[in-house]
Amino acid sequence: MPQLYTTLGPLTRDQLGMILPHEHVFVDLRTPDQPGYGQADMGQVVALMAPEIERIKALGVTALVECSTTGVGRRADLDLAVSRATGFPIVVPTGSYREPWVEDRIRAMSDQALEDWMVRELTQGFDEADFRAGWIKLSAGDDGLTALETRILRAAARAGIRTGAIIGSHTIKGRVVMDQLDIIEAEGYRADRFISIHTQEEKDFALNLAVAARGAWIEYDHIGRAEDAMIIDLIQRVLEAGFDRQLLLSHDTGWFDPAKPGGGTPTPYTHLSTVFLPKLAASGVDKATLRQLTHDNPFDAYAR
Ligand SMILES: [Zn+2]
């Protein structure tokens with residue numbers, strides 16, 4: 001039976017409801033060589049972020065996916081602390097962000113060591129916290145993959161085959177997503193276990209559909225930050241094209257930022273539930289489809 005691997009252990013579909021597939025609890029966008037990178041007081045992180053989690057819990061959200069990977073301040077221990085304080089499961093990735101955010105220890109790994117490290121985090125747990133990674137989060141350069149990013153992607157595909165974990169990549173251009181799909185398929189990994197994160201950044205809608213036509217998941221993760229009407233139009237066109245089982249919706253908001261005093265001011269994870277879904281329903285999307293998009297799709301994508 002497929003399970004979602006979270007801070008609070010593996011969960012089955014019937015233990016979950018609505019899931020937010022792309023949010024952040026903690027992010028550090030300074031590169032890992034900067035002083036203070038990834039550092040924060042655990043009590044401060046919990047104090048700032050637990051109320052944001054309580055808000056979505058009250059709206060019926062049952063889990064969220066943390067999209068901060070290594071290189072942009074992944075702190076599985078802080079995610080776990082926020083999770084325990086709220087009794088709310090969070091799905092945390094293995095993997096690495098793109099250059100120049102790749103940590104030196106990861107850059108130094110051989111192809112085999114990269115693969116084994118991801119498998120270890122997915123099957124045994126993190127060094128910094130005792131629970132298993134739920135997925136593999138990567139990124140690619142805006143204009144194409146570097147040699148190192150390609151090496152990490154190939155290792156991720158092999159780790160994904162060994163574990164069943166999905167790979168999601170922050171990739172801005174649809175053309176680069178197509179290159180990534182070529183690379184993972186050459187490793188024997190399936191395109192339907194790949195998420196094109198930030199699909200909306202590719203403004204050529206035909207390329208959004210072309211990625212879905214290859215079997216990959218597409219993700220509109222700017223809800224609450226872009227015009228609702230514009231996103232609703234995109235969603236309707238995806239639904240008309242028949243890709244209702246490959247679409248993910250999220251805010252890409254949050255988060256405690258250690259570069260800011262006190263972690264800054266988080267942006268809530270509530271717009272989808274409170275404003276956007278009622279508008280999407282009013283636009284004619286039926287209840288079963290809304291449930292598919294917000295409950296089943298995130299589970300189907302991330303569970304293994
Ligand atoms: Zn993000």
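Note that this is a predicted model, so its numbers are computed, not measured. Remember, it's 1-based here, ligands and their atoms both numbered in the order they're listed.
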For residues 293-300, tabulate all N or O donor-acceptor pairs below 3.5 Å that involve a side-chain atom, not counting sequence neighbours.
from	atom 1	to	atom 2	distance (Å)
Thr294	OG1	Leu290	O	2.8
Asp296	OD1	Arg13	NH1	3.1
Asn297	OD1	Gln292	NE2	2.8
Asn297	ND2	Asp244	O	2.8
Asn297	ND2	Leu247	O	2.9
Asp300	OD1	Arg13	NH1	3.1
Asp300	OD1	Arg13	NH2	2.6

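- One finds a salt bridge joining Arg74 and Glu128 here, because a Lys/Arg side-chain nitrogen approaches an Asp/Glu carboxylate oxygen to under 4.0 Å.
- Between Arg162 and Asp116 a salt bridge is recorded (basic side-chain N to carboxylate O distance below 4.0 Å).
- Considering every non-hydrogen atom in both Ile166 and Ala301, the closest pair reads CD1-O, 3.2 Å.
- Within a 6.0 Å radius of CZ in Arg237, more than 12 heavy atoms belonging to other residues, nucleotides or ligands are found.
- Protein nitrogen, oxygen and sulfur atoms, that is N, O or S, within less than 2.8 Å of the Zn ion (ligand 1) amount to 3.
- By the 4.5 Å heavy-atom criterion applied to side chains, Ile152 and Met118 are counted as neighbours.
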